[in-house]
Amino acid sequence: MAFGRLERSSSASPMSEINMTPLIDVMLVLLVIFMITAPLMVSSLKLDLPSSEGAKPGETPDFIQAAIDSAGKWYLADEIVDPATLRQRIAEIARRKPQTEVQLRADKTAPYGEVAALIGEVQQGGLTRIALVAEPPATPAN
């Protein structure tokens with residue numbers, strides 16, 4: 001009986017393809033992280049905005065957000081500011097881009113006097129385009 005010779009290769013040949021499985025796993029984990037965190041990054045300031053029929057978002061290329069919470073605290077781009085700081089920052093923005101719109105988001109329980117005072121500070125800072133932001137009314141579920 002004749003037996004054939006079993007040949008073994010002396011070394012393993014190099015792999016010529018990239019293993020895509022770890023890359024896809026990392027991509028899917030990042031996708032899940034961004035899907036969870038993206039809605040949280042929209043606005044960290046929670047306000048109970050009034051609703052209005054005409055509350056439809058407009059297209060404004062340059063804007064800054066100012067807000068007043070229910071306690072009467074003032075915010076500029078989600079940062080608490082005092083009136084002097086607000087006026088200074090608004091004046092800087094007005095010097096760079098005078099057509100910048102200020103989108104004012106006021107909690108519906110915010111004191112009217114505070115809203116009027118904030119509008120006055122914005123106007124004294126040099127910006128005159130002020131938009132009051134409201135939420136569209138909730139549509140009834142059928």
Side-chain angles (χ1 to χ4, degrees), residues 3-142:
F3 290 102
R5 207 174 131 185
L6 298 174
E7 293 186 26
R8 294 187 176 213
S9 61
S10 60
S11 65
S13 62
M15 192 167 123
S16 63
E17 297 99 20
I18 296 175
N19 188 0
M20 295 297 290
T21 305
L23 296 175
I24 292 171
D25 289 344
V26 169
M27 186 236 5
L28 290 174
V29 168
L30 289 173
L31 178 66
V32 168
I33 290 171
F34 285 122
M35 286 173 54
I36 291 171
T37 59
L40 301 175
M41 294 177 8
V42 172
S43 178
S44 61
L45 181 60
K46 300 296 179 202
L47 295 176
D48 186 18
L49 295 175
S51 62
S52 170
E53 289 292 328
K56 295 187 176 110
E59 294 182 19
T60 305
D62 294 326
F63 69 91
I64 182 108
Q65 286 188 350
I68 300 176
D69 65 5
S70 60
K73 293 180 186 171
W74 293 11
Y75 295 83
L76 187 62
D78 295 334
E79 178 185 340
I80 296 177
V81 292
D82 57 57
T85 306
L86 177 85
R87 188 185 305 171
Q88 177 188 8
R89 289 189 184 169
I90 293 292
E92 291 171 6
I93 294 168
R95 275 193 295 275
R96 282 184 275 138
K97 295 183 180 179
Q99 292 300 316
T100 301
E101 180 178 277
V102 177
Q103 293 184 351
L104 177 58
R105 298 170 51 227
D107 192 283
K108 65 182 172 182
T109 61
Y112 179 73
E114 289 295 318
V115 175
L118 188 134
I119 291 172
E121 290 293 331
V122 167
Q123 288 177 337
Q124 287 181 354
L127 294 179
T128 57
R129 296 183 62 189
I130 301 172
L132 299 175
V133 178
E135 290 182 346
T139 55
N142 291 332

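What you see below is based on every heavy atom in this structure, not just the backbone, and it leaves out hydrogens, waters and symmetry mates.
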Leu28, Val26, Thr21 screened by side-chain contact (heavy atoms from CB on, under 4.5 Å) with Ile24, the one that passes: Leu28
Checking Arg105 side chain against Ala67 main chain: does a donor-acceptor pair fall under 3.5 Å? no
Compare every heavy atom of Ser70 with every heavy atom of Pro111, then report the nearest pair and how far apart it is. CD-O, 4.2 Å
Here the pair of heavy atoms bringing Val115 nearest to Leu104 is CG1-CD2, 4.0 Å
Between the CG atom in Leu31 and the CD1 atom in Ile36, the distance rounded to the nearest 0.5 Å is 10.0 Å
Can you tell me if CD1 on Ile18 sees more than 12 non-hydrogen neighbours from other groups inside 6.0 Å? no
Distance check, rounded to the nearest 0.5 Å: Met20 atom CE versus Asp25 atom CG? 11.0 Å
Could you give the distance from CG (Asp69) to OG1 (Thr109), rounded to the nearest 0.5 Å? 8.5 Å
Enter the distance from Thr85:OG1 to Glu79:CD here, rounded to the nearest 0.5 Å. 8.5 Å
Within a strict 4.5 Å, meaning less than it, do heavy atoms of the Gln123 and Ile130 side chains meet? yes
Do you know the tightest heavy-atom contact between Glu101 and Ala131? OE2-CB, 3.6 Å
Spacing of CZ belonging to Arg95 relative to NZ belonging to Lys97, to within rounding of 0.5 Å: 15.0 Å
Heavy atoms of Gly125 and Ala94 approach each other most closely as O-CB, 3.8 Å
Answer whether the closest heavy-atom distance between the side chains of Ile68 and Asp107 falls below 4.5 Å. no
Among side-chain atoms of Glu121 and Trp74, is any donor-acceptor pair under 3.5 angstrom? no
Min side-chain heavy-atom separation Val81-Arg89 under 4.5 Å: yes
Going from CG on Leu76 to CG on Leu118, what distance comes out if it is rounded to the nearest 0.5 angstrom? 8.5 Å
